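Written out below as structure tokens is the structure these notes cover.
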Amino acid sequence: MNENEGGLKEDILDLLNKLVPTGAGYKHDRIDDNADSHLRTVLLGASEALPILEGKLELGTWQRIFFAEMDGPRSRTVNITLLRA
């Protein structure tokens, strides 16, 4: 979740690339050469809990939901679970 602004999206990708550069000698790369993808996902997280009020997402004015693919492009399945209070 973050603001849907092009410059910010580029800044996020730049930050992830600086924090977790590709080909930095990660041990997992010996298996399938995608350790950077796994490590970036650790930083971002793999799930989000969002409030829904009267059937609508309660987002801030500029907030949007982003699906970030760190090891692709490839097909993925998105699971949505609704919990009622």
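Worth saying up front: this structure is predicted, and the values here are computed from it rather than measured.
Distance OG1/Thr22 to CG/Asp36: 4.0 Å, rounded to 0.5 Å.
With a 4.5 Å cut-off between side-chain heavy atoms of Ile, Leu, Val, Met, Phe, Trp and Tyr, the cluster of Val20 takes in Leu8, Ile12, Leu15, Leu16, Leu19, Tyr26, Leu39, Leu43, Leu44, Met70. Trp62 forms part of no hydrophobic cluster, judged by ILVMFWY side-chain heavy-atom separations under 4.5 Å.
Sorted by first and then second residue, the ring pair (Phe, Tyr, Trp, His ring centres under 6.0 Å) pairs involving residues 27-61 (not counting sequence neighbours) are His28-His38. Note on residues 26-35: no pairs pass salt bridge (charged side-chain N to carboxylate O under 4.0 Å, His left out), not counting sequence neighbours. Applying the side chain to side chain donor-acceptor pair (under 3.5 Å) test to pairs two or more places apart or on separate chains, none has a residue in residues 45-55.
For Leu53, the side chain to side chain contact (heavy atoms under 4.5 Å, CB included) test picks out Glu58, with sequence neighbours left out. A search for side chain to side chain contact (heavy atoms under 4.5 Å, CB included) contacts involving Glu10 returns nothing, not counting sequence neighbours. In terms of the side chain to side chain contact (heavy atoms under 4.5 Å, CB included) criterion, residue partners of Leu82 (sequence neighbours excluded) are, by chain and number, Ile52, Ile80. In this view, Asp14 satisfies the side-chain hydrogen bond (donor to acceptor under 3.5 Å, both in side chains) rule with no residue, not counting sequence neighbours. Partners of Asn4 under the side-chain hydrogen bond (donor to acceptor under 3.5 Å, both in side chains) rule, at least two apart in sequence or in another chain, are Lys9. Evaluation of the side chain to side chain contact (heavy atoms under 4.5 Å, CB included) rule for Glu69 yields Phe67, Asp71, Arg74, Arg76 as partners, not counting sequence neighbours.
The cluster map of Ile, Leu, Val, Met, Phe, Trp and Tyr, joined by side-chain heavy atoms under 4.5 Å apart, puts Leu59 and Phe66 in different clusters.
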